[in-house]
Colleague: 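Structure incoming, see below.
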Amino acid sequence: MQHIKTDLSSLNDKQRAAVVSNSKRLLVLAGAGSGKTKTLLQKVIYLIEEKGINPANILAITFTKNAANEMLDRLIMAADQSGEYEKIISNKNATPAEIYKARFTYVKQFKWINNLNLKTFHGLCYGIMRNYGVNEFDNKFRIICDSKSGIADLQRYAAPETQFEVLHKILIEHCAKPEFLLHLKRYILDYLVDRIHVSKKYTPKQYHGKIYTSLNGTKVRSKSEQYIADWLFRHSIAFEYEPKLNIKDFDFRPDFFVPEANVYIEHVSNRSHPTKNKEQQFRLANKLLVKTYETQTQDTALFNLMLDRIVKGRLPANYHYTIALSFEEEFKFYHKEVKDFIRQVNRIIDMMKVENLSLKKVFAKSQRDPHERVRDFYTLAMPLIKQYFEYCTNKSYLDFNDLILKTINLFHNRPAIADKFSKQFHYILVDEFQDVNTLQVDLLKRLLTPNNQLFCVGDDWQSIYGFRGSDVKYIINFKKHFRPAELIKLNLNYRSTESIVGASNEVIKNNKHKIKKHIESSKKSNSKIYAFAGQNIEENVDFAVQQIQHLQQAKGYTKDDILFLYRRSKMFSPYFKRFKEERIFASYKTIHASKGLEAKAVFVLGLTEGNGGFPDIWMEDRIFQIIKTTNHNLLLEEERRLFYVAITRAKDLLFLLTEKGNESSFLKEIPDTYVFKTGVPFKPLVEKVQLCVACQQQINQQFTFCPFCGEAVA
């Protein structure tokens, strides 16, 4: 059979080497703007046209449905000699439904595209589990997600409830047990309401130093007093906290009064005021005052017994000690905090699945943690997670991580099925390889044999999804995970000017965990990056408005030519408000959402140091460290990679907006040779003084002759 000779003339030497390589394990390290998608798609066309590979034997994996659609669009445009399809998808008035229909029609028209396996990781595993997973799980499963809008392309297979709704239902069921409910309420009050694990610089005035909330909502001064109040509440014993009392000589407030037992309790710690005068007043009135001590609280069993003797023995013989508890009643003021707790549990579930950890292993590790807060969280969370897993199995629900996990288990338990797919996919191509997580790497390894080829494209410098579970170590250590491996570096940037590329190289040099490469620009330009430092946000907004108006009016830039990027959405609020007033219409996204985009002019906002700035290093709660540990330096490196992504979105012009005297450390990593620094200058602190040139006496500026010597003022 004679094969068509593929035209590779549009590729540079490195791109061409990647496309024609026969290496069994190849990583194409594609710097920003170096044409990675073009190279990957050209590899697909080369395999089909020149090597004669059946499209059904090629698996191309992307991370998102949008990325998969973009690849399909480019393949269709390569096949459509008429150019009609390009017109359809370029039409800004075309609806998503119209584009979807056109894409579907054209894919069916070109059989080689239709037979190609172009999938997301989840789409691949969905098909495998639906068609071959009957021995591992119910193959009529439905997809459960954390939001009903999260599975738009699989909507007809969606579960009727979300992950949050299921967990919330399970939580309420567990709260039917008073012990669990009170434990949960204690955790929520301590750590999500009072936040006692966070050092407090001040206490709200209305609390007068009472920073601990008891189970019945009473604010008390210490954990020990909270313990006493909670014991009384659990035994349905009414009490008053710090009731005002005047027996004879002065006003004072004993810690607790239990009316039914007619007893006062004074809790004594090393911070307590002397109680001698109070005790004397009680003796005068023949009232009972009992003292408890901080040292006694160290043994909870002993302290419980002591409270039993102090209080219970003085209650009426027919006193009813049980309390009717309901979830709605106990948490009616804490719905937000309950929601936060459930979201934390949901995140733990997600992380456990990504790292493929068992309940038993996670719980054992959590209970070895030195901090009570962490141990308490997992004591509460684990029975919920266990029941959640059982519930999803019972209802035949799988989430996105389950799709991969169950496929891995299927391959492990049914080697013949794994062998079927290994033999089918002679070539496995993976886009955006820097974003893979542990599960995805495990799946890829199970698909590989010595006979098939793995072709991965990615850039370790653009790995920015660590918070979702991706791990940059897999691309950095590619040769270790996929042996024997070859690396090809695409180091020519076709998108950005020399200054932008040079600056991005200098910034990323500060990361230790990376593969060394030097990116060069194909666009020769003398223009520099603009760094504007306003004294306040208003000055930065003014500068942005002026620049946009200039670009649109003098250079003819459109809305799509200008892109505003920011670390956090709130950074853009003052700009959005002003743009609305000025009727300026400036594309804008978080930096994470901008990956893969480009614009002629890019503005990066909020480049300040410290909280709310960029870098914005947010150490994960220790609760999540039980699953996967992080450290400050690694988080800083990911922030720097995020900055790299931001500045390499710019094709021609890059504007970096900061604050005078509080510039981001990332700005300082860019050499002055690449940057033109500007800002609104300070007003002079000293007024200009005019001196007579003849006698050097100070004179008013409006004088035309010196009043001292008569010399004419120049």
Side-chain angles (χ1 to χ4, degrees), residues 10-19 21 23 26-43 62-63 67 70-71 429-436 455-465 470 472-479 485-525 529 563 565 591-592 594-600 602 604 637-652 654 666 669-671 674:
S10 65
L11 303 179
N12 63 35
D13 291 344
K14 295 289 182 69
Q15 291 172 333
R16 189 180 300 107
V19 168
S21 172
S23 176
L26 176 64
L27 173 62
V28 180
L29 274 173
S34 63
K36 70 173 184 60
T37 305
K38 174 184 176 181
T39 304
L40 186 142
L41 293 177
Q42 193 65 63
K43 178 79 173 181
T62 67
F63 274 82
E70 183 186 338
M71 284 192 181
L429 292 76
V430 184
D431 192 21
E432 303 286 7
F433 188 79
Q434 74 279 349
D435 295 333
V436 293
F455 179 93
C456 298
V457 179
D459 183 9
D460 59 306
W461 294 5
Q462 297 185 72
S463 177
I464 59 173
Y465 294 114
S470 68
V472 71
K473 72 183 179 187
Y474 291 115
I475 190 168
I476 291 176
N477 301 317
F478 185 85
K479 287 186 174 181
E486 178 189 356
L487 262 64
I488 293 178
K489 300 177 184 179
L490 305 185
N491 56 4
L492 187 60
N493 183 312
Y494 292 97
R495 177 189 299 149
S496 308
T497 63
E498 287 177 298
S499 290
I500 295 168
V501 172
S504 66
N505 280 332
E506 292 299 321
V507 166
I508 212 70
K509 277 183 184 177
N510 293 279
N511 274 6
K512 290 182 179 178
H513 297 86
K514 66 179 185 301
I515 300 174
K516 288 184 179 179
K517 53 184 179 286
H518 183 76
I519 308 298
E520 295 182 349
S521 171
S522 67
K523 293 174 69 172
K524 307 303 176 187
S525 170
I529 297 166
L563 178 62
L565 299 177
I591 302 170
H592 281 102
S594 74
K595 195 154 177 310
L597 299 181
E598 62 182 27
K600 288 183 179 179
V602 169
V604 184
E637 291 206 357
E638 180 152 323
E639 287 290 296
R640 187 175 284 111
R641 293 195 293 268
L642 191 60
F643 182 56
Y644 174 88
V645 167
I647 62 180
T648 54
R649 299 311 93 200
K651 295 168 72 174
D652 301 317
L654 176 62
F666 290 161
E669 294 173 359
I670 301 176
Y674 299 118

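We're numbering straight along the sequence, starting at 1. When reading the values below, keep in mind they use all heavy atoms of this one structure, side chains included, and skip hydrogens, waters and symmetry mates. Fair warning: this is a prediction, and the values are worked out from it, not measured in the lab.
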Colleague: Is a side-chain donor or acceptor of Asn510 paired with a backbone partner of Val507 at a separation under 3.5 angstrom?
Modeller: yes
Colleague: Could you measure the distance from the OG1 atom of Thr497 to the CG atom of Asp652? Nearest 0.5 Å is fine.
Modeller: 7.0 Å
Colleague: Rounded to the nearest 0.5 Å, what's the gap from CG on Leu26 to CZ on Phe478? Could you check?
Modeller: 7.0 Å
Colleague: For Ser470, does its backbone N or O pair with a side-chain atom of Asp435 as donor and acceptor, under 3.5 Å?
Modeller: no
Colleague: To check you understand the geometry: which heavy-atom pair defines the closest contact between Ser499 and Ile529, and what is its length?
Modeller: O-CD1, 3.8 Å
Colleague: Please name the pair of heavy atoms, one in Ala18 and one in Phe455, separated by the smallest distance, quoted to 0.1 Å.
Modeller: O-CE1, 3.3 Å
Colleague: So Leu492 and Lys14, do their side chains get closer than 4.5 Å, heavy atoms only?
Modeller: no
Colleague: Do Asn491 and Lys517 pass the side-chain contact (heavy atoms from CB on, under 4.5 Å) test, and can you show the C-alpha distance, the side-chain angles, and the key distance before you say yes or no?
Modeller: CA-CA 7 Å; Asn491 56 4; Lys517 53 184 179 286; 5.5 Å; no
Colleague: Check the pair Ser10, Lys38 against side-chain contact (heavy atoms from CB on, under 4.5 Å), reporting the backbone distance first and the verdict last.
Modeller: CA-CA 10 Å; Ser10 65; Lys38 174 184 176 181; 3.8 Å; yes
Colleague: Are the side chains of Glu432 and Thr62 in contact, using a 4.5 Å heavy-atom criterion?
Modeller: no
Colleague: Taking all non-hydrogen atoms of both residues into account, name the closest pair between Ser594 and Val645 and its distance.
Modeller: OG-CG1, 4.3 Å
Colleague: To the nearest 0.5 Å, what is the distance between CZ (Arg16) and OG (Ser21)?
Modeller: 14.0 Å
Colleague: Got Val602 and Ile647 here, is their nearest side-chain heavy-atom distance under 4.5 Å?
Modeller: no
Colleague: Under the ring-ring contact (aromatic ring centres under 6.0 Å, His included) rule, collect the residues that match up with Tyr644, sequence neighbours excluded.
Modeller: Trp461
Colleague: Say you draw a straight line from NZ of Lys516 to CG of Leu29; how long is it, rounded to the nearest 0.5 Å?
Modeller: 14.5 Å
Colleague: Among residues at least two apart in sequence or on other chains, which ones pass ring-ring contact (aromatic ring centres under 6.0 Å, His included) with His592?
Modeller: Tyr465, Phe467
Colleague: Is there a side-chain contact (heavy atoms from CB on, under 4.5 Å) between Ile670 and Phe643? Walk through the geometry before answering.
Modeller: CA-CA 12 Å; Ile670 301 176; Phe643 182 56; 4.2 Å; yes
Colleague: In the structure I gave you, are the side-chain heavy atoms of Val28 and Lys43 within less than 4.5 Å of one another anywhere?
Modeller: no
Colleague: For the atom pair CD1 (Ile508) and CD (Glu637), what is the distance rounded to the nearest 0.5 Å?
Modeller: 8.0 Å
Colleague: If you take all heavy atoms of Gln15 and Thr39, which pair is closest and at what distance?
Modeller: CG-OG1, 3.5 Å
Colleague: Answer yes when Lys509 and Glu506 have at least one side-chain N-carboxylate O distance shorter than 4.0 Å, and no when they do not.
Modeller: yes
Colleague: How far apart are the closest heavy atoms of Gln434 and Ser463, and which atoms are they?
Modeller: O-OG, 3.4 Å
Colleague: Is Val457 close to Lys36 at the side-chain level, that is, under 4.5 Å between some pair of heavy atoms?
Modeller: yes
Colleague: Does the pair Asp460/Arg641 count as a salt bridge with the N-to-O cut at 4.0 Å?
Modeller: no
Colleague: Can you tell me how far CZ of Arg649 sits from CD1 of Ile500, rounded to the nearest 0.5 angstrom?
Modeller: 11.0 Å
Colleague: What are the two closest non-hydrogen atoms of Asn493 and Ser496, and how far apart are they?
Modeller: OD1-N, 2.8 Å
Colleague: What do the steps show when you test Ile475 against Val436 for side-chain contact (heavy atoms from CB on, under 4.5 Å), and what is the final call?
Modeller: CA-CA 8 Å; Ile475 190 168; Val436 293; over 6 Å; no
Colleague: Salt bridge or not for Asp459 and Lys595, using N-O below 4.0 Å?
Modeller: no
Colleague: Would you find a donor on one side and an acceptor on the other, under 3.5 Å apart, between the side chain of Arg495 and the backbone of Ala32?
Modeller: no
